[in-house]
S.K.: 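Can you keep this structure in mind? I'll have questions shortly.
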Amino acid sequence: MEYMDIETVKELDHVFGDIEELQKFRCLMMQYECAMLEVKTKLDVLNTELSVQNSRNPIESIKCRIKEPDSIMKKMKRQEIPFSVDNIEKNLNDIAGVRVICSFPDDIYTLADYLEKQDDIKLIKKKDYISHPKPNGYRSLHLILEVPIFLTNEKKMMRVEVQFRTIAMDFWASLEHKLKYKKDIDNAQVISQDLCFCAELISQLDGRMQQIRERLEEKKDDTQANITGV
């Protein structure tokens, strides 16, 4: 993954004012990518195993990203944190991000539980915006994890933010994000209320779809039991 184009490198060179600090930044971003790929591999393995156990894949898709340098600088400025490589690693938890799109709400909690229990992972923070949505209606399960990466000369623990959403939650969040950055919006309060209402409808839809799946699985189990005479 190429983290920085020429213009970004020039900008960071100006910010750091030190070629060694710039190289240190690039190494840190490389380490975050390694940690991100480590988490993605763990999720791919869980998805494969659970697909065999349950005859369906709990994960619809996995999206990965490394926070852009410009976004890192803006976030640190908002939080009034001096911009340095050490402060990035010490204060920010979302440089490496993995978004897991699941089929059903219970898949989210199953995957998160299995991931948290792996003995080389340390759970730093957990925020359940599914059980306790944000005021605007946003729903997602957020985990901040520490995972080991193995470099040529050391083992290092790195932090990765993992977000779990259903397809419906991700659809809502993507549209809400686009609308939030629209300028000169008339009746912004009304639109905000409508978005919150839509988030509730989507939550109800997720619940109903999960109930349908459960009924179909029960029927399948009953049919197999009748065939085997159990």
Side-chain angles (χ1 to χ4, degrees), residues 1 28-51 53-54 56-68 71-72 75-76 78-79 81 87-150 155-174 176-177 199 202-203 206-207 209-210:
M1 179 181 293
L28 181 63
M29 294 301 104
M30 173 274 294
Q31 292 167 4
Y32 277 120
E33 186 192 4
C34 293
M36 178 184 71
L37 294 176
E38 182 73 22
V39 172
K40 183 181 183 300
T41 298
K42 287 176 176 295
L43 288 163
D44 284 334
V45 170
L46 285 172
N47 190 46
T48 301
E49 182 183 0
L50 291 170
S51 69
Q53 291 179 6
N54 303 325
R56 65 177 186 85
N57 292 310
I59 297 177
E60 290 289 334
S61 64
I62 300 176
K63 303 173 184 178
C64 299
R65 67 104 181 96
I66 297 295
K67 207 173 191 68
E68 294 290 335
S71 296
I72 295 172
K75 183 167 186 176
M76 296 184 77
R78 287 195 306 270
Q79 297 182 4
I81 301 170
N87 280 341
I88 290 170
E89 189 170 6
K90 187 185 301 181
N91 294 283
L92 301 187
N93 293 324
D94 63 344
I95 301 298
V98 178
R99 184 176 300 160
V100 187
I101 311 303
C102 296
S103 304
F104 302 97
D106 61 351
D107 290 330
I108 289 175
Y109 292 104
T110 298
L111 285 164
D113 186 52
Y114 282 130
L115 194 61
E116 290 173 39
K117 288 180 178 177
Q118 295 194 6
D119 60 12
D120 59 345
I121 282 182
K122 180 180 179 182
L123 176 65
I124 303 299
K125 187 183 294 185
K126 184 175 187 176
K127 290 186 177 180
D128 189 347
Y129 296 116
I130 299 174
S131 298
H132 305 285
K134 289 186 177 182
N136 67 346
Y138 175 84
R139 286 171 168 83
S140 183
L141 179 66
H142 291 197
L143 305 180
I144 303 297
L145 305 174
E146 271 192 354
V147 298
I149 61 170
F150 296 86
K155 170 186 173 182
K156 185 175 180 180
M157 300 298 291
M158 301 294 298
R159 294 190 177 187
V160 179
E161 180 185 56
V162 186
Q163 297 180 358
F164 292 90
R165 301 174 183 171
T166 62
I167 301 168
M169 291 174 196
D170 190 57
F171 166 74
W172 182 93
S174 297
E176 192 272 343
H177 181 76
I202 283 175
S203 177
D206 270 335
M209 294 299 290
Q210 183 168 297

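No hydrogens, no waters, no symmetry mates; every other heavy atom, side chains included, goes into these values.
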S.K.: Rounded to the nearest 0.5 Å, what separation is found between the CD1 atom of Ile130 and the CG atom of Asp206?
M.R.: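 These two atoms lie 8.5 Å from each other.
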
S.K.: To the nearest 0.5 Å, how far apart are CH2 in Trp172 and OG in Ser203?
M.R.: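 Trp172 atom CH2 to Ser203 atom OG measures 11.5 Å (nearest 0.5 Å).
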
S.K.: Can you give me the closest heavy-atom contact between Tyr129 and His142, atom names plus distance?
M.R.: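 For Tyr129 and His142, the tightest heavy-atom pair comes out as CE1-ND1, 3.8 Å.
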
S.K.: Is any side-chain N of the basic residue among Asp120 and Lys155 closer than 4.0 Å to the acidic one's carboxylate O?
M.R.: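 Looking at Asp120 and Lys155, the cut-off is not met.
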
S.K.: Who passes side-chain hydrogen bond (donor to acceptor under 3.5 Å, both in side chains) against Gln79, sequence neighbours left out?
M.R.: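 side-chain hydrogen bond (donor to acceptor under 3.5 Å, both in side chains) list for Gln79, sorted by chain: empty.
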
S.K.: Is the shortest side-chain heavy-atom distance between Leu92 and Tyr32 below 4.5 Å?
M.R.: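 Heavy-atom side-chain distance check fails, nothing below 4.5 Å.
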
S.K.: So which heavy atom on Leu115 is nearest to which on Ile121, and how close?
M.R.: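 So the two residues come closest at O-CD1, 3.5 Å.
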
S.K.: Please give me the minimum heavy-atom distance between Arg165 and Arg139, naming the atom from each residue.
M.R.: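 The pair with the smallest heavy-atom distance is CG-O, 4.2 Å.
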
S.K.: Contact between Lys40 and Asp44 at the side-chain level, heavy atoms closer than 4.5 Å - yes or no?
M.R.: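 They are in contact (side-chain heavy atoms under 4.5 Å apart), so the answer is yes.
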
S.K.: How far apart are the closest heavy atoms of Gly137 and Ala199, and which atoms are they?
M.R.: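 Answer, listing the atom of Gly137 first, then Ala199: O-CB, 3.3 Å.
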
S.K.: Tell me, please, which residues at least two apart from Lys75 pass salt bridge (Lys or Arg N to Asp or Glu O under 4.0 Å).
M.R.: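 Only Asp94 meet the salt bridge (Lys or Arg N to Asp or Glu O under 4.0 Å) criterion with Lys75.
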
S.K.: Could you work out, with salt bridge (Lys or Arg N to Asp or Glu O under 4.0 Å) as the rule, every residue matching Lys63, not counting sequence neighbours?
M.R.: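 By the salt bridge (Lys or Arg N to Asp or Glu O under 4.0 Å) rule, Lys63 matches Asp170.
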
S.K.: Is Ile95 close to Met29 at the side-chain level, that is, under 4.5 Å between some pair of heavy atoms?
M.R.: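 Heavy-atom side-chain distance check passes, below 4.5 Å.
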
S.K.: Rounded to the nearest 0.5 Å, what separates atom NZ in Lys122 from atom CZ in Arg159?
M.R.: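 The NZ atom of Lys122 sits 7.5 Å away from the CZ atom of Arg159.
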
S.K.: Quick check: do Met36 and Val98 have side-chain heavy atoms less than 4.5 Å from each other?
M.R.: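 Yes. Closest side-chain heavy atoms under 4.5 Å.
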
S.K.: For residues 126-136, pull every pair meeting salt bridge (charged side-chain N to carboxylate O under 4.0 Å, His left out), keeping only residues two or more places apart or in separate chains.
M.R.: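 Salt bridge (charged side-chain N to carboxylate O under 4.0 Å, His left out) check on residues 126-136 returns Glu116-Lys126.
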
S.K.: Does Tyr138 have more than 12 heavy atoms from other residues, nucleotides or ligands lying within 6.0 Å of its OH?
M.R.: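 Yes, enclosed.
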
S.K.: Between CG of Leu143 and CD of Glu161, what distance do you get to the nearest 0.5 Å?
M.R.: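 Atom-to-atom, Leu143:CG and Glu161:CD are 9.0 Å apart.
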
S.K.: Using a 4.5 Å cut-off on heavy atoms from C-beta on, say whether the side chain of Met158 contacts that of Glu89.
M.R.: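 Answer yes - side chains close enough.
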
S.K.: Could you tell me the separation between the CD atom of Glu176 and the CG atom of Asn136, rounded to the nearest 0.5 Å?
M.R.: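 Those atoms lie 5.0 Å apart.
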
S.K.: Got a second to check how far Glu33's CD is from Ile149's CD1, nearest 0.5 Å?
M.R.: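 With rounding to 0.5 Å, CD (Glu33) is 10.5 Å from CD1 (Ile149).
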
S.K.: Check whether any side-chain heavy atom of Ile59 sits under 4.5 Å from a side-chain heavy atom of Leu46, and report yes or no.
M.R.: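 Ile59 vs Leu46: side chains apart.
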
S.K.: For Ser103, run the side chain to side chain contact (heavy atoms under 4.5 Å, CB included) check against Asp106, Asp107, Ile101 and tell me which one passes.
M.R.: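 Checked Asp106, Asp107, Ile101 against Ser103; only one passes side chain to side chain contact (heavy atoms under 4.5 Å, CB included): Asp107.
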
S.K.: Sequence neighbours left out, what passes salt bridge (Lys or Arg N to Asp or Glu O under 4.0 Å) with Asp113? Give chain and number order.
M.R.: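 In terms of salt bridge (Lys or Arg N to Asp or Glu O under 4.0 Å), with neighbours along the sequence ignored, Asp113 is linked to Lys117.
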
S.K.: Might you confirm whether atom CE of Met209 has over 12 heavy atoms from other residues, nucleotides or ligands at distances under 6.0 Å?
M.R.: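 Open.
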
S.K.: Indicate yes or no: at least one non-hydrogen side-chain atom of Thr110 is less than 4.5 angstrom from one of Pro58.
M.R.: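 The answer is no, as the side chains (C-beta and beyond) never meet within the 4.5 Å cut-off.
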
S.K.: Side-chain contact, heavy-atom cut-off 4.5 Å: Lys42 with Tyr114?
M.R.: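 The answer is no, as the side chains (C-beta and beyond) never meet within the 4.5 Å cut-off.
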
S.K.: In chain order, what residues pass the side-chain hydrogen bond (donor to acceptor under 3.5 Å, both in side chains) check against Glu38, with sequence neighbours excluded?
M.R.: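 With neighbours one apart ignored, the set is empty.
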
